[in-house]
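What follows is one structure encoded as structure tokens, with my remarks underneath.
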Number of protein chains: 2
Amino acid sequence: MGTKGSANRQRIVQAADRLFYSRGYNQTSFSDISDETGIPRGNFYYYFKTKDDILDAVVASRLTFFKQVLDDCNCQSDDPKTRLKIFIATPLGQEEQVIKYGCPIGTLGSELVKDQDHLIAKEKLTVVFDLIKSWMVEQFMRISSADKAADYAMDLLAKMQGFTIIASVYKDVNYLHRATQSAQDWIDQLAVN
Amino acid sequence: MGTKGSANRQRIVQAADRLFYSRGYNQTSFSDISDETGIPRGNFYYYFKTKDDILDAVVASRLTFFKQVLDDCNCQSDDPKTRLKIFIATPLGQEEQVIKYGCPIGTLGSELVKDQDHLIAKEKLTVVFDLIKSWMVEQFMRISSADKAADYAMDLLAKMQGFTIIASVYKDVNYLHRATQSAQDWIDQLAVN
DNA sequence: GTCTATACCTTGATAGAC
DNA sequence: GTCTATCAAGGTATAGAC
């Protein structure tokens, strides 16, 4: 195993992932990551050239996380509607965190759109969105017509971003549950054609 | 007119408002505001005790902005459906900015949920959301039943947050237009009862 | 590979002259 | 009221010993 997979490097990425989520990228310092890993600040530069590189690694890590989530959805059912409803319920599995810090990719997106730099991270982040969107399109394609599937997928993506941000701003768990149910009902109600 | 309404104070708030929107609160420094206003850094503390106080003033400013927007909607039509559709189209009026920086209250909310401090600003920000939500409820009450009106309002609030964030992450103006139209269609299609 | 020490800059905030 | 000078703290990043 090369440098890229070293244990220390992994620990840095994992700690940064948590901190970027709970505090935001800009508000997370090397000292914060150092405190949580026990690895001294100066040592980071052996594994990463810049803070930006850590961000890139974190976004890559979130990509693999969502790949895993979608794989799990695929494994749990063959029915596209059931799969979509399982995915819609994903935020409920992280309920406490979602209320506190919002969506891990949505809030990072909000942060990065306001920044001139981080071009690679921004591109990688849209890859995460595209991954989810493509998977949704696949499912919707088996429910409705091909041209509607793309729109449905964007709608669902936006719907989930929407209720996540509202739930986190209002700190309203009940709303998170109601909105999840509502989105699932929307899936159920879709006509098969 | 007292200190609160002084010309310099207003210029600081206006510049901060723009910068907090385009760069984010945490990424905006006193130097940035100083550069845009021409007012020296050290002078800010005559008008505001802390950076947090500037944030409070900015959020208050956005509150009055949205009050104005809603008043305009009320003036343009008496029909609740028409009013809602006008409001839904608001982001299109700031199309370029929305694509670049997202929603002025949504992205600020995303930033502030990750912060322990800024308690007053966070409260004031939910007041902005509540203002919009209450207005929506009023309109929906004239369309459907009272118990459904509250849910519809939350749905619409989430819907708009959702398509705004997706449009800004993807930098997709066409999607912003399609999603706006879709939300307006949803209003039209609502049964009156 | 690991760690310490530190350079250099920018931050929010203060003190005090005018 | 306005401005300059400056503070202490914290930021990213680097140099170099071990």
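Numbers restart at 1 for each chain; the letters A, B, ... are given by sequence-line order, proteins then strands. Just so it is clear, the structure is predicted and the values come from calculations on it, not from any experiment.
Straight-line distance from the CD1 atom of B/I33 to the C1' atom of C/dT10: 15 Å, rounded to whole Å. Rounding to whole angstrom units, CG of residue A/N26 and C1' of C/dT11 are separated by 14 Å. Atoms CG (A/D53) and C1' (D/dT14) sit 16 Å apart, rounded to a whole Å. Rounded to an integer number of Å, the gap from B/Y46 OH to C/dG16 P is 19 Å. Put simply, OH on B/Y45 is 18 Å from C1' on D/dG1, counting in whole angstrom units. D/dT12 atom P lies 13 Å from atom CD1 of A/I12, rounded to whole Å. Atom CZ in A/F44 sits about 19 Å away from atom P in D/dA15, given to the nearest Å. Going from atom CD1 of B/I54 over to atom C1' of C/dT11 covers 13 Å, rounded to whole Å.
Distances were taken from every side-chain heavy atom of B/Y47 (C-beta onward) to each of C/dA13, D/dT2, D/dT4; the shortest belongs to D/dT2. Listed candidates were C/dT2, D/dG1, D/dT14. Nearest to the side chain of A/N8 is C/dT2. With distances taken from any side-chain atom of A/R41 to the nucleotides D/dA13, C/dT11, D/dC3, the minimum falls on D/dA13. The side chain of A/F30 has D/dT12 as its nearest neighbour among D/dT2, D/dT12, C/dT11. Nearest nucleotide to the side chain of B/K51, out of D/dT12, C/dG12, C/dC3: C/dG12. If you check D/dC3, C/dC3, D/dT12 against the side chain of A/S29, the one that comes closest is D/dT12.
Under the 4.0 Å criterion applied to side-chain N and carboxylate O atoms, A/K85 and A/D188 are assigned as salt-bridge partners.
With the nearest nucleotide of DNA chain D identified for both A/Q27 and A/N43, A/Q27 has the one nearer the 5' end. Nearer the 5' end of DNA chain D, as judged by each residue's closest nucleotide, is the contact made by A/S31, out of A/S31 and A/K49.
Residue A/S34 is classed as having no contact, given no heavy-atom separation below 4.0 Å to the nucleic acid.
Side-chain atoms of A/K124 do not come within 3.5 Å of backbone N or O of A/L63 as any donor-acceptor pair. Remark: side-chain polar atoms of A/T180 are paired, donor with acceptor, to backbone N or O of A/L176 under 3.5 angstrom. Not a single donor-acceptor pair under 3.5 Å links the side chain of B/S77 to the backbone N or O of B/T82.
For B/F48 and B/F30, the gap between ring centers reaches or exceeds 6.0 Å.
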